[in-house]
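I have placed the structure first, in the form of structure tokens, so that the comments after it can refer back to it.
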Number of protein chains: 4
Amino acid sequence: MRTNVRSEAETLEGRILAAAARLFGRDGFHGTGMRRIAAEAGVSIGALYHYFSSKEEVFLAALRAEYELWLSEARRLWEAGSPARDVLREVVELHFASLAQGEERGLLVGRAWHGEVPGLRKALLELRDRYAQAVAQLLAQGMERGEIRRAHPLLTAYALLGLIESVTARAVGEDRVAKEVRREGPREVAELAWRALRPEEDRG
Amino acid sequence: MRTNVRSEAETLEGRILAAAARLFGRDGFHGTGMRRIAAEAGVSIGALYHYFSSKEEVFLAALRAEYELWLSEARRLWEAGSPARDVLREVVELHFASLAQGEERGLLVGRAWHGEVPGLRKALLELRDRYAQAVAQLLAQGMERGEIRRAHPLLTAYALLGLIESVTARAVGEDRVAKEVRREGPREVAELAWRALRPEEDRG
Amino acid sequence: MRTNVRSEAETLEGRILAAAARLFGRDGFHGTGMRRIAAEAGVSIGALYHYFSSKEEVFLAALRAEYELWLSEARRLWEAGSPARDVLREVVELHFASLAQGEERGLLVGRAWHGEVPGLRKALLELRDRYAQAVAQLLAQGMERGEIRRAHPLLTAYALLGLIESVTARAVGEDRVAKEVRREGPREVAELAWRALRPEEDRG
Amino acid sequence: MRTNVRSEAETLEGRILAAAARLFGRDGFHGTGMRRIAAEAGVSIGALYHYFSSKEEVFLAALRAEYELWLSEARRLWEAGSPARDVLREVVELHFASLAQGEERGLLVGRAWHGEVPGLRKALLELRDRYAQAVAQLLAQGMERGEIRRAHPLLTAYALLGLIESVTARAVGEDRVAKEVRREGPREVAELAWRALRPEEDRG
DNA sequence: TATGAATGAGAGTTCATTCAT
DNA sequence: GATGAATGAACTCTCATTCAT
């Protein structure tokens, strides 16, 4: 991770990906032009095409990085041996935190999934499946430990992601509801998720 | 409702909206051109602009129709006096059913929410809020009846929608997982939703 | 003329032509749509096409009416037996007066001449030539009376029209110069025209 | 000037402007499409938009070039110290010359002034005012030298331009009158202008 | 390697005109 | 006669991508 962070700040490729994640997250795939990415990254268009063969490649790479960031965070929490409930809460908080400071980069993953990138359906499916599989593994692990009730792991992972993404998407903006969602969201969402997943005999 | 269906088949405006919902649902806003909508509806471009002043208007109208369809169904179920749990299951089934026959019209709402239509952010927000408010009212009603635990209604409505949309989006396609999700999805999702919402003392 | 005024106010054709003159004068040929003309005249598009076979026909008819209005005024003055100099002054004043009350109908003729109506070159040329010929006749008459110096009558007529039109076009608007031109224009333009045309021996 | 001419022939921007002046002059703003300009300049549409951000920008740039060409010529003549009457004659000849060889580029300025470009009214006004101001300065200079009678300089400049433009516009084409105007125009127009402007005591 | 000028297919939209009622 | 829904060619403009330098 540290290597990653340094490379993002220092290599051209890293700067491009950081800019792309920011812009794609905020304005979506079609709302973001290659020129703008290049400008935001302080790079020429030529350089952009030197590192990525197409706009879709840039999008995929930025998306992949985002998924991996979240995945590694979730895994880290899990390996810390925290109880499933705490992991859930922290993952939820992580998503909300990604929206801080006017950054809407946290919307990137949700956008991509419900999104509309012409030739990328298959690639996006694989990417999200890979992430969901990882989450599903964590869930399965929790099931074996008896911390989480038995259910279809992959399907449950998709459900969790969607639940979080829909609420975080509502947390953007300065209207009254958005502010309320930012304040109450993490707790409420974590509670919903936990109740949906806790084993039968558990209470509260 | 039946009248609506017939008019959709018979008036130009109805044919346009039906075609738009199909195409926007399958290919998204940017992936769908006005020319294609016109062709799919068997109508000239001029006719399109006779009924709608812009592509965004067409999109909004199609989306509005979709929301209202779902809303009326949910309300109908509720007014039938069914217990909250049954309503949840039927609503979930309704979403899954909207994907039947290769139609991806059911993805329209999710796409719109996570989507990227430049000048429509505010309108989309209002539309989804209006729907979510309605769902929230149903939930609040359930809370008063003691069938659903106390929680932030609007936020919970967003969570529910996201949960359902993420899974249904995975149910599209002919790969093994998609088929599995289509088969197991309705039951699993309804179960997740119910557990997330049921009152404390309830068990299974 | 009185008949004309009454018909303009009372027949559909008259209302269409009045609306067309107003709109074409203000917004030009391409800036004025058939729909707008119909709306302004309080007439359906169908009715519009009942009276005129095309947009160009409407334009020509409106232009013709305008030319005839001016022509008849000039002729009236002349026949009143006024000296050439007074006729000039009154014609100039007539042009300026046509811009009063925010109406820019008086620009129509100038617009048409320097304008850009695709298939109308020949017709516009004939129309302006016909008007210019009439003016030229008046000038020729003046030459014979010795009130105006000998010169190429048609060419001089064109020069006169252009001189007036360019200045009146600058008289539109609310900026300082426009107001000044509206105030000083009639006198200055009449003076310029008179000096350009007066016989050699004349002074002041 | 020579440099300018060469660059017009050699750079893309120059070729675009030359083509635009030719086409706008002949067919007007609305009668000239971007595709046609591109084709006439031997350039892609993309290149057009690389150099100019809109059709209106192209129009303004072409018009500006035309004004500056004329302005520099007039100034050159004046600075040569010629008497006012000769300057007038040469300026008039310059306008007529701009129509030679079937080129109607010389109509561009008149078209623009009486024209109908929606968002350009203000810019066109400023442009013509700037040119007229320069002409007015020349006139004022002449007044001080006693070569031209005292009159409103700006208004007189507008009058002069209109006078010339109306006649040159009639000089286009192959009909009998046009040929006659081409032959007699320069002399007649210069004479009209001179008589309109000469000081009181002057004779012929 | 790095640049950005140049490309051109395709987008949304307008509007004069037609014609079934 | 009168209507206005319907047509579709043509418009301006965008933007991912290429390639000569």
Side-chain angles (χ1 to χ4, degrees), chain A residues 12 29-39 43-59 117-119, chain B residues 11-13 15-16 29-39 41-59 117-119, chain C residues 12 29-39 43-59 117-119, chain D residues 11-13 15-16 29-39 41-59 117-119:
Chain A
L12 285 196
F29 183 82
H30 289 99
T32 303
M34 290 296 262
R35 258 181 273 263
R36 191 120 63 96
I37 296 174
V43 154
S44 74
I45 287 196
L48 218 158
Y49 275 92
H50 178 70
Y51 288 104
F52 301 94
S53 62
S54 71
K55 187 183 178 184
E56 303 186 345
E57 282 292 323
V58 179
F59 186 74
V117 190
Chain B
T11 70
L12 284 201
E13 193 176 352
R15 266 159 51 200
I16 291 169
F29 183 83
H30 288 100
T32 304
M34 290 298 261
R35 266 173 259 266
R36 192 120 62 92
I37 296 175
V43 153
S44 72
I45 288 200
L48 229 71
Y49 279 92
H50 181 72
Y51 287 104
F52 302 94
S53 61
S54 69
K55 186 184 178 184
E56 301 190 344
E57 282 294 322
V58 180
F59 186 73
V117 191
Chain C
L12 284 196
F29 183 82
H30 289 99
T32 303
M34 289 297 260
R35 259 180 272 264
R36 193 120 63 95
I37 296 174
V43 154
S44 73
I45 288 195
L48 218 157
Y49 275 91
H50 179 70
Y51 288 104
F52 301 94
S53 63
S54 71
K55 187 183 178 185
E56 303 186 345
E57 282 293 322
V58 179
F59 186 74
V117 190
Chain D
T11 70
L12 285 200
E13 194 176 351
R15 266 160 50 200
I16 291 169
F29 183 83
H30 288 100
T32 304
M34 290 298 260
R35 257 177 266 266
R36 192 119 63 93
I37 296 175
V43 154
S44 72
I45 288 200
L48 230 70
Y49 280 92
H50 182 71
Y51 288 103
F52 302 94
S53 61
S54 69
K55 187 183 177 185
E56 301 189 344
E57 282 294 322
V58 179
F59 187 74
V117 191

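Within every chain, numbering begins at 1; the chains are lettered A, B, ... in the order of the sequence lines, protein sequences first and strands thereafter.
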- Task: Rounded off to whole Å, could you give me the CG-to-C1' distance for the B:L48 and E:dG12 pair?
- Result: 11 Å
- Find the distance D:Y51:OH to E:dA6:C1' and express it as a whole number of Å. 8 Å
- Consider the side chain of B:A47, meaning its heavy atoms from C-beta on, and name the nucleotide among F:dT7, F:dA16, E:dT13 that approaches it most closely. F:dT7
- Message: Whole angstroms only, please: what is the CE-P distance between D:M34 and F:dT12?
- Response: 7 Å
- Item | Distance, rounded to the nearest Å, where A:I37 contributes CD1 and F:dA16 contributes P | 8 Å
- Task: Measure the acute angle between the ring planes of D:H30 and C:H30, then classify it against the limits of 30° and 60° as parallel, tilted or perpendicular.
- Result: parallel
- Closest heavy-atom pair and its distance - B:A38, B:L48: CA-CD1, 4.0 Å
- 5' precedence on DNA chain F between D:F29 and C:V43 (nearest-nucleotide basis): C:V43
- Task: Output the single nucleotide from F:dC13, F:dA2, E:dA6 whose closest atom is nearest the side chain of D:L12.
- Result: E:dA6
- Counting any heavy atom closer than 4.0 Å, what does C:S53 reach on the DNA or RNA strands: base, sugar-phosphate only, or nothing? nothing
- Item | Residue pair B:K55 / B:T32: nearest heavy atoms and the distance that separates them | NZ-O, 2.8 Å
- Message: Regarding A:H50, tell me which of base, sugar-phosphate or nothing describes its non-hydrogen contacts under 4.0 Å with the strands shown.
- Response: sugar-phosphate
- Item | Check: E:dG10 base within 3.5 Å donor-acceptor of B:R35 side chain | no
- Measure from the side chain of B:I45, starting at C-beta and using heavy atoms only, and say which of F:dG8, E:dT17, E:dG12 lies closest. F:dG8
- Message: From OH of B:Y49 over to P of F:dA9, roughly how many Å is that when rounded to an integer?
- Response: 16 Å
- Item | Residue whose closest nucleotide on DNA chain E lies nearer the 5' end, A:S44 versus B:E56 | A:S44
- Item | Whole-Å gap separating C1' (E:dT13) and CD (B:E57) | 14 Å
- Query: Rounded to the nearest Å, what distance is computed from the CZ atom of residue B:F52 to the C1' atom of nucleotide F:dA6?
  - Reply: 15 Å
- Task: For F:dT18, give its Watson-Crick or G-U wobble partner with both distances under 3.5 Å, or none.
- Result: E:dA5
- Query: What is the distance from atom OH of D:Y51 to atom OG1 of D:T11, rounded to the nearest 0.5 Å?
  - Reply: 7.0 Å
- Message: So which atom in B:R15 and which in B:V43 form the shortest heavy-atom distance, rounded to 0.1 Å?
- Response: NH2-CG2, 3.8 Å
- Task: Can you tell me the pairing partner of E:dA11 across any strand shown, Watson-Crick or G-U wobble, with both distances under 3.5 angstrom?
- Result: F:dT12
- Between B:G42 and C:G46, which has a closest nucleotide on DNA chain F that is more 5'? C:G46
- Rounded to whole Å, NZ of B:K55 lies from P of E:dG12 at a distance of 4 Å
